[in-house]
Amino acid sequence: MPHIVNCEVLTHRELAPGQFRVALQGPAIASEAKAGQFGMIEVARGYYPFLRRPMCFERILADAFTVLYKLEGEGTRLLSAFLPGQMISVQGPLGNGFPIESNLTRHIIVAGGIGVATFPGLAEALIKVCDTAPEVVLAARTKDLLLCEQDFREMGCKVHLATDDGSAGEKAYASQVLERLSPAPGTRVYACGPMIMMRETSRVALEAGAECLVSLEAQMACGDGVCLGCVVESKHESEGERMIRVCCDGPVFDARMVDWEAHNFAYDP
Amino acid sequence: MPHIVNCEVLTHRELAPGQFRVALQGPAIASEAKAGQFGMIEVARGYYPFLRRPMCFERILADAFTVLYKLEGEGTRLLSAFLPGQMISVQGPLGNGFPIESNLTRHIIVAGGIGVATFPGLAEALIKVCDTAPEVVLAARTKDLLLCEQDFREMGCKVHLATDDGSAGEKAYASQVLERLSPAPGTRVYACGPMIMMRETSRVALEAGAECLVSLEAQMACGDGVCLGCVVESKHESEGERMIRVCCDGPVFDARMVDWEAHNFAYDP
Amino acid sequence: MPGWLTGKPTISPMTPDLSINLGGLAMKNPVMVASGTFGYGQEYDRYFDISKLGAVCTKSLSLNVRAGNKPPRLVETPAGLLNAIGLQNVGIDAYLREKAPYLRKKGVTIVANIYGHAPDEYVELARRLEAEGAADAIEANLSCPNVHNAKLATGPSMVSQVPEQVAEYTTSIRSATKLPLFIKLTPNVVNICEPALAAQEGGANGVALINTLLGMAIDTETRRPKLANIVGGLSGPAIRPVAVKMVWDAARVLKIPIIGMGGICIAADAIEFLLAGASSVAVGSMSFRQPDASLRVVEGVEAYLRQHGIPTVSDLVGAIRV
Amino acid sequence: MPGWLTGKPTISPMTPDLSINLGGLAMKNPVMVASGTFGYGQEYDRYFDISKLGAVCTKSLSLNVRAGNKPPRLVETPAGLLNAIGLQNVGIDAYLREKAPYLRKKGVTIVANIYGHAPDEYVELARRLEAEGAADAIEANLSCPNVHNAKLATGPSMVSQVPEQVAEYTTSIRSATKLPLFIKLTPNVVNICEPALAAQEGGANGVALINTLLGMAIDTETRRPKLANIVGGLSGPAIRPVAVKMVWDAARVLKIPIIGMGGICIAADAIEFLLAGASSVAVGSMSFRQPDASLRVVEGVEAYLRQHGIPTVSDLVGAIRV
Ligand SMILES: Cc1cc2nc3c(=O)[nH]c(=O)nc-3n(C[C@H](O)[C@H](O)[C@H](O)COP(=O)(O)OP(=O)(O)OC[C@H]3O[C@@H](n4cnc5c(N)ncnc54)[C@H](O)[C@@H]3O)c2cc1C
Ligand SMILES: Cc1cc2nc3c(=O)[nH]c(=O)nc-3n(C[C@H](O)[C@H](O)[C@H](O)COP(=O)(O)OP(=O)(O)OC[C@H]3O[C@@H](n4cnc5c(N)ncnc54)[C@H](O)[C@@H]3O)c2cc1C
Ligand SMILES: Cc1cc2nc3c(=O)[nH]c(=O)nc-3n(C[C@H](O)[C@H](O)[C@H](O)COP(=O)(O)O)c2cc1C
Ligand SMILES: Cc1cc2nc3c(=O)[nH]c(=O)nc-3n(C[C@H](O)[C@H](O)[C@H](O)COP(=O)(O)O)c2cc1C
Ligand code: FES
Ligand code: FES
């Protein structure tokens with residue numbers, strides 16, 4: 001059940017230009033949160049911005065959690081100004097986390113850009129339940145934007161790097177790297193990143209007979225199923241099921257459920 | 001000439017609950033500022049609040065100035081959160097300062113509540129030019145809200161305290177204290193505080209044949225004569241001169257110029 | 001003693017009466033939530049006891065389930081929110097089957113907001129809601145900005161922009177139900193009094209002011225509208241001054257009560273609407289940020305009445321001093 | 001290559017052409033300042049060289065000097081500003097004597113905004129401005145929200161709420177001057193296209209969209225309106241989505257150009273208006289916060305054109321992708 005909690009900022013670090021990690025003390029949230037879920041963070045006391053900002057839990061500790069984020073606009077700018085010791089209101093945990101199943105033969109995480117933010121916690125959970133570290137494809141536009149490589153390695157994950165400009169790892173798209181990793185039936189692929197990257201990644205995975213879970217993003221007002229703002233189109237034909245809410249029906253979806261054809265990539269950030 | 005300057009916060013202290021003093025580094029402003037003038041402070045980078053906040057200069061140093069303020073709403077709350085080392089945009093100096101004349105026999109400052117904020121600088125200027133310290137009537141609702149008593153005493157001013165509840169000094173209104181000080185021709189009274197207090201103070205002063213200057217307050221958008229929002233009614237009959245702008249025609253006015261009858265005290269904060 | 005010297009009035013020991021009768025609808029307090037900003041109630045019941053509210057207003061219900069507009073449907077603007085949901089809702093059947101029973105069990109006072117394409121659809125919706133005991137009052141949404149094709153809609157695109165249509169719709173719905181009937185109007189008019197009076201003449205028991213203001217935002221990098229529907233409705237604190245003005249205008253000509261809304265976030269905002277002449281208020285977009293914002297408004301209004309020694313909340317209605 | 005992978009386009013070496021011809025008014029760039037938010041120009045000339053702007057629009061000028069409304073005249077609202085100045089201005093004589101010569105000497109392109117009580121007053125103002133060479137274009141304010149008694153004004157209270165009146169006023173002023181003539185309209189209408197088309201038919205060379213939205217705020221402690229005039233006009237970022245929508249509506253039906261305004265603070269805001277179909281933009285309330293905001297908009301628009309390799313600013317007008 002979600003709570004609204006005033007969380008103390010424990011640590012707050014800039015990892016790379018414009019990329020931050022903040023640790024927040026919030027036992028009520030941390031004790032219930034699962035990898036893949038998110039919180040809605042109140043970045044301003046006033047009305048600019050007016051709404052909370054959705055942020056995945058990066059890692060979940062006993063009474064705290066971390067969030068990895070990148071500067072986008074006013075909300076993340078304000079977030080980045082919080083100092084250790086200050087309080088920040090978080091609503092969560094929200095949404096459905098990643099299902100964790102031990103009877104699969106292989107787990108591959110595919111992260112694009114800041115989409116990686118949801119995966120350290122997933123890797124931890126997979127290691128705990130399945131006893132093997134997932135493989136990780138870390139892709140980004142350029143070297144500076146590759147986050148958490150070391151973290152995954154420390155967990156024992158095999159990490160494959162890819163950048164669009166070749167500044168680190170392969171010069172390739174995440175989906176191309178995945179293809180070369182030869183996913184197969186029994187493999188589950190977890191993807192988070194830009195919509196177009198998730199579409200390509202899921203296409204590769206599904207064509208290879210693997211499962212694919214995607215963690216979607218959308219503009220959110222409530223984060224909690226109420227405003228109907230965060231929908232994406234599903235493959236359901238019926239009027240009542242066509243629109244699925246990223247916040248509470250997701251953010252994690254079976255990639256086969258998403259109607260990639262209907263999605264208008266032109267509107268993506 | 002006014003400038004828009006990014007000023008560094010040098011010190012920032014809470015003097016009494018909800019009463020603050022901030023020192024700002026701003027040579028371009030400090031070098032031109034005079035007692036009685038003010039700056040427009042940008043309290044938020046975003047649009048809430050949208051406008052700058054007008055604040056008198058309390059004291060003017062070579063390359064810095066101080067501001068004394070009390071928490072009112074969102075703007076002053078945000079201002080109070082600035083830490084030493086942070087930058088804040090100030091537009092100033094604006095308005096007309098107090099005229100300083102040495103050929104008067106007596107100077108009496110009458111300050112109500114946070115209205116005192118404009119007077120330490122005036123006292124310094126008077127001491128410098130006239131070589132005698134002004135007398136000061138410090139009035140407030142209650143003891144906690146009496147600011148700068150010590151500061152004035154250190155300058156050599158005779159200080160008369162008054163509170164509405166008698167918690168410090170006399171239980172009296174500022175105007176009543178002034179009356180007992182017997183202002184006379186040759187005396188100049190300087191008043192700043194709530195409008196009703198300035199009206200009473202100026203009535204007492206003028207009836208006694210003294211001069212009276214008042215430093216008025218009004219809601220301001222531009223602080224610079226453009227928006228025509230900050231007007232008060234003057235005694236001028238002509239349509240073109242009836243409205244005087246607090247920001248650039250004032251904030252310091254000869255009390256005889258203000259049409260106290262026309263002022264609707266019901267709207268005062 | 002001059003006003004500026006008077007201290008705060010001492011807190012009155014009396015318990016103020018918050019209850020109101022809103023055009024026949026008994027409410028324990030004047031605070032409801034705005035349609036479309038509180039789902040069907042259940043969602044936010046996890047955060048606080050929603051039966052403490054004066055009423056819960058449902059998302060607009062239509063005869064058939066609606067998928068709504070294509071995404072993106074939301075964009076934030078300064079102190080505001082633009083939405084083009086397009087009336088996605090579960091439809092009246094699912095409402096009656098799944099949503100109303102929950103609200104009834106919780107003892108919630110239900111204002112069912114309805115939307116149709118023509119008077120007869122509103123009539124059928126109202127009849128079924130009354131017949132099944134699934135509403136304590138009906139709010140007819142004649143002001144949704146998001147259900148027409150924006151490319152065409154440069155003329156009047158909402159029923160409530162045309163007073164004659166308001167009268168016609170209201171009369172039809174009125175004839176179909178004995179439940180208190182409120183008509184929800186758009187602010188996109190020259191004079192809010194005209195549709196409001198038309199609603200009154202048609203037999204409405206109250207008007208709800210205001211729905212969102214038409215608005216639009218463009219992404220300068222992609223050069224596309226930020227909403228797939230191109231235009232949307234603006235809500236949130238940004239529009240509060242517009243809403244208060246409309247309530248004040250309407251209150252001076254109407255005999256029926258007003259439900260005031262538009263940017264209400266805290267109790268002081270709600271009191272502004274009451275002073276302007278609203279008998280009841282609704283918290284809208286603010287619930288997205290703070291799910292229990294409406295309950296805090298209830299508590300804040302009560303505290304205000306105590307502090308000012310005002311015995312009943314109705315004493316505030318229209319009590320602006322001009 | 002999919003869109004999300006394409007890097008930023010390299011900065012183009014060309015110097016974009018910012019100049020426009022706005023219904024006969026040659027402007028060095030499309031950025032002006034909004035009437036009433038820049039005084040008569042001189043005030044802000046202390047902060048930057050105002051002749052760098054596309055044009056300076058004066059405070060509304062009337063035949064006689066006006067003292068305006070009683071204070072308080074201003075109140076801040078979320079991301080907005082409510083004002084009820086009431087057209088305080090120096091009057092046409094003082095303008096011609098004291099203000100215009102300064103602007104002329106500075107080489108400023110002058111849009112003189114005028115206000116009258118009837119068509120003949122506008123006619124006289126326009127005639128005198130043209131005769132004395134004190135304006136390069138006329139903007140007729142048919143949309144001031146602050147000059148009627150708010151207690152009475154619940155019907156149409158502004159000329160531009162009635163298309164027939166817009167046509168009548170425009171025709172009269174048109175016959176009096178050869179200067180480019182712009183008509184400034186209120187957003188408080190059902191359909192902005194109607195008054196805009198009426199202005200076009202009356203012979204206007206452009207329309208200015210939008211003036212402030214009617215609004216109101218109440219102090220809950222004193223229970224008084226925060227403005228002595230009770231109601232005022234809402235401006236600032238809060239209203240931007242409303243303004244962009246109106247520009248977009250009007251742009252699709254008009255042949256004459258639009259001056260877009262309402263909440264423009266930074267270059268991206270201005271570009272939003274251009275994309276929506278405005279040929280020119282005006283910075284309003286933001287100048288109060290940042291006197292040189294308009295100049296920064298000029299610079300930002302130029303940078304945008306460079307970054308996107310767009311040769312002339314006119315290429316942006318109406319270039320929204322829908
Ligand atoms: C379920 C979920 C989890 C998320 N987790 C993370 C995370 O762990 N780390 C992280 O850095 N970001 C995350 N995001 C994205 C993050 O919410 C946005 O970057 C943030 O809201 C931008 O706010 P802003 O005020 O800084 O930018 P704005 O000024 O609001 O917008 C800047 C850009 O960000 C886009 N944007 C704004 N809000 C959202 C949103 N809610 N979803 C997607 N894009 C948006 C806008 O379209 C615009 O292009 C998540 C989003 C969702 C929906
Ligand atoms: C020339 C001038 C000099 C000033 N100098 C000082 C000073 O040295 N120290 C100090 O503490 N205050 C000073 N003030 C008052 C100060 O500007 C306001 O208290 C401040 O703007 C309140 O902002 P806020 O956002 O905190 O409150 P808001 O939420 O904006 O308002 C809270 C209350 O303050 C009132 N208020 C808001 N703005 C103003 C304003 N511009 N003028 C008067 N009242 C206002 C409102 O009516 C309301 O009652 C001065 C005002 C003027 C005009
Ligand atoms: C996301 C969203 C969805 C809405 N859906 C409806 C609706 O279905 N029916 C309706 O009558 N009003 C709807 N509204 C309008 C609100 O009920 C309310 O009139 C408006 O938002 C102004 O109030 P606010 O500023 O407090 O949000 C919706 C508003 C928002 C923000
Ligand atoms: C304080 C103030 C005074 C104004 N005075 C006038 C005026 O005299 N004539 C006029 O046509 N518009 C006037 N306006 C309206 C502006 O020109 C502009 O249309 C409106 O403020 C919207 O733009 P903004 O949101 O950028 O401020 C005034 C606006 C403000 C805020
Ligand atoms: S964000 Fe409101 S329904 Fe998903
Ligand atoms: S504050 Fe704008 S004229 Fe004084």
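Basis for what follows: all heavy atoms, side chains included, without hydrogens, waters or symmetry-related copies. Order of the sequence lines fixes the chain letters, A, B, ..., with proteins taken first and strands second; residue numbering starts at 1 for each chain. What you see is a predicted model; the values in this text were computed from it and never measured.
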- Among all residues two or more places apart in sequence or in another chain, which pass the side-chain hydrogen bond (donor to acceptor under 3.5 Å, both in side chains) test with E221(D)? H308(C)

- Of V189(C), T186(C), T77(C), the largest count of non-hydrogen pairs under 4.5 angstrom with chain D goes to V189(C)

- Item | CG on N191(D) to CD on Q161(C), rounded to 0.5 Å | 8.0 Å

- Query: Just wondering, do L234(D) and V242(C) contact through their side chains at under 4.5 Å, heavy atoms?
  - Reply: yes

- Taking every heavy-atom pair that is under 4.5 Å apart, which of I239(C), D219(C), T222(C) has the most such pairs with chain D? T222(C)

- Sorted by chain and residue number, the side-chain hydrogen bond (donor to acceptor under 3.5 Å, both in side chains) partners of S143(C) (sequence neighbours excluded) come out as N141(C), N211(C)

- Query: Can you find a pair of side-chain heavy atoms, one from V244(D) and one from I218(C), that are under 4.5 Å apart?
  - Reply: yes

- Evaluation steps, side chain to side chain contact (heavy atoms under 4.5 Å, CB included), between L213(D) and L213(C): CA-CA 11 Å; L213(D) 271 169; L213(C) 272 168; 4.1 Å; yes

- Message: At under 4.5 Å between heavy atoms, what parts of residues 263-273 of chain C are in contact with chain D? List them by residue number.
- Response: A268(C), I271(C), E272(C)

- By a 4.5 Å heavy-atom criterion (distance strictly below it), what part of T220(C) contacts chain D: side chain, backbone, both, or neither? both

- Pairs in or reaching into residues 311-322 of chain D: which pass side-chain hydrogen bond (donor to acceptor under 3.5 Å, both in side chains), with residues at least two apart or in two chains? T312(D)-D315(D)

- Task: With the side chain counted from C-beta on, respond yes when I320(C) and R223(D) share a heavy-atom pair under 4.5 Å apart, and no when they do not.
- Result: no

- Note on the structure: Ranking P237(D), G236(D), A243(D) by heavy-atom pairs under 4.5 Å to chain C gives rank one to P237(D)

